[in-house]
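I have placed the structure first, in the form of structure tokens, so that the comments after it can refer back to it.
Sequence lines set the chain letters: A, B, ... in the order given, protein chains first and strands last, and positions in each chain run from 1.
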Amino acid sequence: MKPSIPKGTRDFNPEQVLKRNYIFDTVRRVFIKYGFLPIETPVMETLDTLTGKYGEEGDRLLFKVLNNGDFMADADQAALETRDSRKLVSSISKRGLRYDLTVPFARFVVMNQNELSFPFKRYQIQPVWRADRPQKGRYQEFYQCDVDVVGSESLAYEAELIQIYDEVFAQLRLPVIVKYNNRKVLAGIAEAAGIPDLMVEMTVAIDKLDKIGMDGVKKELTERGIAETSIETITQILEIKDLDALETAFAKSEVGQKGIQELKAVQAYLQGYQASNELRFDITLARGLSYYTGCIFEVQAKNVAMGSIGGGGRYDNLTGVFGLPGVSGVGVSFGAERIYDVLEELKLFPTDQANTLKVLFMAFDAKAHQYAFNALGKMRAAGINADLYPDPVKLAKQMKYANNRNVPYVVLVGDNEMASGKLALKNMQTGEQQLLSIEEIIAVLGA
RNA sequence: GUGGUUAUAGCUCAGUAGGUUAGAGCACCAGAUUGUGGUUCUGGGGGUCGCCGGUUCAAAUCCGGUUAGCCACCCCA
């Protein structure tokens with residue numbers, strides 16, 4: 001058979017894994033610094049947990065796991081006869097792969113509510129799955145790095161999450177724009193335009209402003225059944241950049257004013273914070289997921305054409321559907337795959353080799369091979385990443401292997417070396433070679 | 001779910017008026033070079049031309065179908 005992997009999935013070679021770990025390690029370090037604790041949840045959740053949380057589109061993109069055993073025995077006969085796949089699913093599948101980390105987290109919080117002390121700050125770095133058509137920067141299996149706080153309405157957390165974004169991307173040396181907005185502001189626009197019921201329709205349209213322009217937005221608003229007078233009001237408000245002016249515009253919208261006050265509170269917390277990246281209020285920012293209710297965030301990489309590389313927001317009642325109402329949460333997510341692609345494109349991955357091989361031993365004959373093996377042990381005991389070519393074959397072959405592995409140093413062992421106790425340490429970059437005792441070599445490479 | 005595009009050696013790709021044995025570069029193996037690599041030279045192994053069917057004396061090439069990848073839309077990380 002011809003080997004293959006499922007569409008939208010990838011293998012990662014050693015070089016790629018090292019780079020991915022660089023991202024995960026950076027993100028994790030910052031999460032820990034801000035006082036977040038790690039949890040992990042199963043790759044599979046019950047479909048009851050997952051369905052209905054991501055809208056109709058989300059349900060379609062859920063991976064379902066076929067029931068074990070004789071799953072046809074309990075299959076919905078009526079659905080089978082009418083070939084109704086959607087109806088059939090519930091009778092042959094009771095589990096699915098998680099679609100994101102937020103919903104499983106909400107489930108986790110509800111199940112463990114008596115053991116957790118609130119506010120509970122958790123981070124989670126795990127893969128998620130979506131049965132989407134793959135394309136650039138978009139896969140069916142990908143990692144998310146989530147940080148969320150549940151059990152507090154304090155807007156200090158909004159400010160904190162913005163700082164986390166800022167700090168992570170500063171450490172990755174990747175310039176970004178951290179955009180933020182508030183769902184209540186969007187609701188305010190809808191109210192001011194007299195279309196509170198069409199808020200979702202409206203936000204989907206204005207979210208595309210930077211992509212399709214104001215004329216495109218107007219067209220889309222019209223197509224989504226919004227009246228001309230309302231569109232007029234909406235576009236006028238979208239031109240306003242100043243929070244005070246917006247507050248005036250929301251004179252008749254209580255929710256809109258609330259949103260502005262929240263944004264001002266977040267900005268107040270950030271007063272005096274020295275940001276490394278641009279932090280920008282963006283009234284057109286909408287975000288897809290419908291469960292956000294307060295502040296929303298999105299991160300855009302500069303100097304590169306890529307969708308958002310992170311996003312998140314405040315959700316007032318996420319645990320409500322699992323039977324725990326009134327618990328507020330706020331969190332953000334890092335899109336590790338896209339960050340990877342961006343760092344790669346901008347050549348921002350560090351070249352240090354702390355996690356790779358530092359020295360390769362090679363021997364000229366069987367006796368020297370044993371001698372080298374012994375020296376290798378001392379090297380490793382000293383904490384230096386070291387390896388030995390497995391056979392004393394001709395040197396050209398061993399050297400070639402050293403090149404391919406990108407080893408900075410090799411140590412040659414033969415009769416002369418064994419007799420003198422001084423091994424030949426060769427710098428593969430410069431070609432320089434010197435005779436040193438094993439202790440001296442450890443001192444040189446350990447530094 | 002909609003549309004576009006591609007499929008030939010391990011990898012990147014050439015190869016159409018259908019016509020002997022399907023090529024190149026890289027990679028791999030051996031030698032030039034029995035204690036010194038990244039350069040060079042010589043030789044070598046490796047392909048049911050995605051799969052199924054059709055047209056034809058003859059198909060990688062033309063036709064139909066099918067599968068998979070990639071890209072865009074929807075949506076999203």
Would [X] and [Y] count as having a side-chain donor-acceptor pair, cut-off 3.5 Å?
X	Y	answer
A/Glu158	A/Tyr269	no
A/Thr41	A/Gln124	yes
A/Asn277	A/Tyr165	no

May I ask you to evaluate whether A/Lys400 reaches the phosphate of B/C28, defined as a side-chain N or O under 4.0 Å from OP1 or OP2?
->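 So the side-chain polar atoms of A/Lys400 do come within 4.0 Å of the phosphate oxygens OP1 or OP2 of B/C28, strictly under.
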
For B/C70, take OP1 and OP2 only and decide whether either is under 4.0 Å from a side-chain N or O of A/Gln135.
->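 So the side chain of A/Gln135 is outside the cut-off, no N or O lying under 4.0 Å from OP1 or OP2 of B/C70.
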
For [X], answer base if it contacts any base atom (sugar-phosphate contacts may also be present), sugar-phosphate if it contacts only those atoms, and nothing otherwise; contact means non-hydrogen atoms under 4.0 Å.
X	value
A/Asn404	sugar-phosphate
A/Val204	sugar-phosphate
A/Lys394	sugar-phosphate
A/Glu141	nothing

Show the distances under 3.5 angstrom between N or O atoms of the protein and N or O atoms of nucleotides 38-40 of chain B.
unit_1 : atom_1 : unit_2   : atom_2 : d
B/G38  : O4'    : A/Asn403 : ND2    : 3.4
B/G38  : N1     : A/Met428 : O      : 3.4

Under 3.5 Å, is there an N or O donor on one side and an acceptor on the other linking the side chain of A/Asn416 and the base of B/G35?
->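 Such a pair exists between side chain and base.
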
Give a yes/no verdict on a cation-pi contact between A/Arg130 and A/Tyr99, requiring under 6.0 Å between NZ or CZ and the six-membered ring centre and an angle within 45° of the axis.
->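 Yes, A/Arg130 sits over the ring of A/Tyr99.
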
Quick one: which of A/Tyr143, A/Phe24, A/Phe169 gives a ring pair (Phe, Tyr, Trp, His ring centres under 6.0 Å) with A/Phe334?
->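 When ring pair (Phe, Tyr, Trp, His ring centres under 6.0 Å) is applied between A/Phe334 and each of A/Tyr143, A/Phe24, A/Phe169, only A/Phe169 qualifies.
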
Between A/Asp25 and A/Arg28, is there a side-chain N and carboxylate O pair less than 4.0 Å apart?
->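 Answer for the salt bridge query: yes.
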
Examine distances only and state if a side-chain atom of A/Glu201 and a backbone atom of A/Leu221 form a donor-acceptor pair shorter than 3.5 Å.
->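 Judged by distance alone, no pair lies under 3.5 Å.
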
RNA chain B in dot-bracket, Watson-Crick or G-U pairs under 3.5 Å, [ ] crossing, | other strand?
-> (((((((..((((.....[...)))).(((((.......))))).....(((((..]....))))))))))))....

Stepwise, does the salt bridge (Lys or Arg N to Asp or Glu O under 4.0 Å) test hold for A/Lys19 with A/Glu344?
-> CA-CA 9 Å; A/Lys19 287 176 175 176; A/Glu344 190 78 290; 3.1 Å; yes

